[in-house]
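Beneath this line is the structure, given in structure tokens, with notes to follow.
Within every chain, numbering begins at 1; the chains are lettered A, B, ... in the order of the sequence lines, protein sequences first and strands thereafter.
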Amino acid sequence: MTEQANNNTLEYAGGWHIFKFTFVIAAFLCVFPRFFQIKDIFPDIGMRFVNGYYKFAGFYEINTTEAYLLCIGILICLCCILFGGKLFHAGIIVFLTLNYIYLTSEALNIKAYDRILFFMSIVLFVSPAYKKNLLTSNFYPHPRRLMLIIFSSIYLSTGILKLLYEPTWFNGQAMVYHLNHQWHAGGILALKLSTYPMLCFFFGITTILFEVFAGVFIWLPKFNPYILTVGFLFHLGIAILMNVGPFSIVALAAYPILLEPRVLKNLLIKFKVI
Amino acid sequence: MSDNNNSNFLTNFYLFSLNIILACLVIFFISCFKYGTASYIPKWARIGLWRMFTYKTSNHSDLRAIASFDDGWKEINLRELFPSKWDSGYRFQRAVFWRNKTRMRMLAASTCVRLEGKATELKFYQDYWKIVPGIPASSPESKKNVKEKFNLHWYCGSPVYTPIGKLVK
């Protein structure tokens, strides 16, 4: 399948090799912390947020032991994905199934990064990431286009909604209040920065500009590396200043795929990886 | 020759399928985006709607509870009773949780269980106070003008329906 067929130009496939690892790390960071919360969530029914969007608990209520087993199962699936080969696709399907059962058992607790991870799993499934020697081979651009659609939609959607419905993003007020949020803000540094209106104005404007422009320019090979560099700093900023779990890590996990394959290849050559 | 044909067919089928998935994803995300500011979002659209920190939040809020024991009403520490967090705070502190009466009744019933039957009644309140830039939510300076809103009164032992409609006695 790595041969030329139809009129589809092949692209450098090394990003899929890296993505396999970044995906597993991101998924691990999403799943592993849940392990320590099971003893609080599952012993009595009240704290299972079953009134969420997708109610698996409507069919079957899992207990504490089953919740632990699900988490262990998910971690085993991640190992299967990591080692690739014949277990790769089975690993993704079982990972999606077990993760679905776990998350929908405490449905209110499904977060943006869980949803991003879900879409990334689908892309991983149709990708060539299970193959060997990807660092030195090429593949069709279609799976990468799927990833671009997902991230384009995320950035554009969040950017346009801010642009149209919250004018305080333009004077920095929205940023000031988010950096002060009792739960979402990320500690002393965020609090301190919120007292600098000009800085918050700058952060607010750049957030909207990045989100709106990234959705479009991520597709253009000429602008792609620059947009992703800003994106990297953007997610690093979120990781430092906000308390939103592994969101930034999950988003950044897809960057080796989002990056223009030619640029990635040059980078890997420059750093003598290949 | 036949192997070659088979391989070509599979490759074309694979690429065709990916194009279909791609088109479906585009249509799906555009359809989800339509609900960006809607108060009701259909179930199918929730997974593909990306709405992150869109609106400014001007207030801090805190769910607290008091319980009636043999020796009168006492403040109870919900954070100690339900310690797990959802990355950004205690799970019961999420607005989608405390704004929903069914969920609150479940939390109340669960609180009675976790207090080991020592409480007879519970009252839940939502405290609000203005965000002051640079001042932590918990500091007395920030909590100068706390407003209180009654949320729920609960008698321990009352039957409760789980959010999926299952009766718990």
Side-chain angles (χ1 to χ4, degrees), chain A residues 1 3 5-6 8 33 36-37 40-41 44-47 49-51 53-55 57-58 108-109 111-112 115 118 122 126 140 142-143 145-146 149-150 153-154 156-158 160-162 164-166 168-169 173-174 176-184 191-192 194-195 242-245 247, chain B residues 7-8 10-12 14-15 17-19 21-22 25-26 29 33 36-37 43 46-58 60-62 82-89 91-94 96-97 100 102-103 106-107 109-111 113-114 131-137 162-164 168:
Chain A
M1 210 175 276
E3 293 304 314
N6 303 326
N8 299 301
F36 303 100
Q37 308 210 357
D40 179 40
I41 298 163
D44 64 81
I45 198 165
M47 284 305 280
F49 292 163
V50 286
N51 197 12
Y53 312 137
Y54 313 99
K55 303 169 188 170
L108 202 66
N109 212 23
K111 301 174 200 88
R115 295 186 286 135
F118 164 75
I122 293 173
V126 296
Y140 297 103
H142 300 62
R145 284 180 199 157
L146 285 179
I149 282 286
I150 293 165
S153 138
I154 293 171
L156 258 182
S157 175
T158 50
I160 290 175
L161 288 174
K162 285 186 183 96
L164 296 180
Y165 300 105
E166 186 51 81
T168 58
W169 273 101
Q173 278 290 302
V176 168
Y177 284 94
H178 284 314
L179 289 177
N180 266 275
H181 196 280
Q182 192 181 6
W183 310 118
H184 294 129
L191 275 178
K192 185 77 187 156
S194 72
T195 58
M242 307 292 283
N243 179 17
V244 284
F247 172 77
Chain B
S7 169
N8 272 343
L10 282 176
T11 305
N12 287 334
Y14 168 76
L15 297 177
S17 309
L18 287 189
N19 280 331
I21 297 173
L22 199 115
L25 267 183
V26 173
F29 284 133
F33 179 74
T37 54
K43 270 184 193 175
R46 294 181 193 213
I47 196 167
L49 177 61
W50 311 107
R51 196 167 52 177
M52 297 175 207
F53 297 101
T54 305
Y55 300 108
K56 184 180 91 173
T57 317
S58 309
H60 292 301
S61 70
D62 193 14
F82 300 100
S84 66
K85 294 185 175 179
W86 58 284
D87 300 333
S88 317
R91 295 151 66 85
F92 58 84
Q93 295 288 12
R94 294 190 71 177
V96 277
F97 187 84
N100 183 297
T102 316
R103 289 170 187 150
M106 283 308 306
L107 179 71
S110 194
T111 306
V113 172
R114 292 193 183 198
I131 289 177
V132 185
I135 308 287
T162 68
I164 55 165
V168 183

TODO: Look only at the side chain of A:Asn180 and the backbone of B:Ile131, and say whether a donor-acceptor pair between them is shorter than 3.5 Å.
DONE: no
Task: Contacting moiety of A:Val176, where chain B heavy atoms sit under 4.5 Å - done: side chain
- [ ] Please state whether the side chain, the backbone, both or neither of A:Ser153 comes within less than 4.5 Å of a heavy atom of chain B.
- [x] both
Open item on the list: As an exercise: rank A:His184, A:Lys192, A:Met242, A:Arg115 by heavy-atom pairs under 4.5 Å with chain B and give me the winner.
Closed with: A:Arg115
Task: Option in B:Pro83, B:Ala109, B:Ser58 with maximal non-hydrogen atom pairs under 4.5 Å from chain A - done: B:Pro83
Open item on the list: Which atoms of A:His178 are under 4.5 Å from chain B, going by heavy atoms: the side chain, the backbone, both sets, or neither?
Closed with: side chain
Open item on the list: Run the side chain to side chain donor-acceptor pair (under 3.5 Å) test against B:Ser17 and tell me which residues pass, sequence neighbours left out.
Closed with: none
Task: Considering all heavy atoms, the nearest A:Asp40-B:Phe82 contact - done: OD2-C, 3.7 Å
Task: Gap separating the CD1 atom of B:Ile21 from the CD1 atom of A:Ile149, nearest 0.5 angstrom - done: 12.5 Å
Task: Euclidean distance, B:Asn19 CG relative to A:His142 NE2, rounded to 0.5 Å - done: 4.0 Å
Task: Proximal component of A:Phe118, with respect to chain B [non-hydrogen, under 4.5 Å] - done: side chain
Task: Shortest non-hydrogen contact between B:Pro136 and A:Leu191, atoms and distance - done: CG-CD1, 3.8 Å
TODO: Measure distances from A:Pro143 to the heavy atoms of chain B and classify the residue's part below 4.5 Å as side chain, backbone, both or neither.
DONE: both
- [ ] Using the test side-chain contact (heavy atoms from CB on, under 4.5 Å), find all partners of A:Thr158 that sit at least two apart in sequence or belong to another chain.
- [x] A:Lys162, A:Glu211, B:Trp50, B:Met52
Task: Option in A:Gly245, A:Ser157, A:Ala112, A:Ala174 with maximal non-hydrogen atom pairs under 4.5 Å from chain B - done: A:Ser157
Open item on the list: Rounded at 0.5 Å granularity, tell me how far NZ in B:Lys85 sits from CH2 in A:Trp183.
Closed with: 7.5 Å
Task: Closest heavy-atom pair and its distance - A:Trp169, B:Phe53 - done: CZ2-O, 3.1 Å
- [ ] Test A:Ile160 against B:Phe33 for side-chain contact (heavy atoms from CB on, under 4.5 Å), laying out the working first.
- [x] CA-CA 10 Å; A:Ile160 290 175; B:Phe33 179 74; 3.5 Å; yes
Task: B:Gln93/A:Gln182 under side-chain contact (heavy atoms from CB on, under 4.5 Å): CA gap, chis, key distance, verdict - done: CA-CA 10 Å; B:Gln93 295 288 12; A:Gln182 192 181 6; over 6 Å; no
Task: Most contacts with chain B, counted as non-hydrogen pairs under 4.5 angstrom, among A:Ile122, A:Leu146, A:Leu164, A:Val244 - done: A:Leu146
TODO: Check A:Thr195 against B:Gly134 and note the closest heavy-atom contact, atom names and distance.
DONE: CG2-CA, 3.4 Å
Task: Backbone N/O of A:Tyr165 and side chain of B:Tyr55: donor-acceptor pair under 3.5 Å - done: no
Task: Region of A:Ile150 that comes under 4.5 Å of a non-hydrogen atom in chain B - done: both
Open item on the list: Walk me through whether B:Leu25 and A:Arg145 qualify under side-chain contact (heavy atoms from CB on, under 4.5 Å).
Closed with: CA-CA 11 Å; B:Leu25 267 183; A:Arg145 284 180 199 157; over 6 Å; no
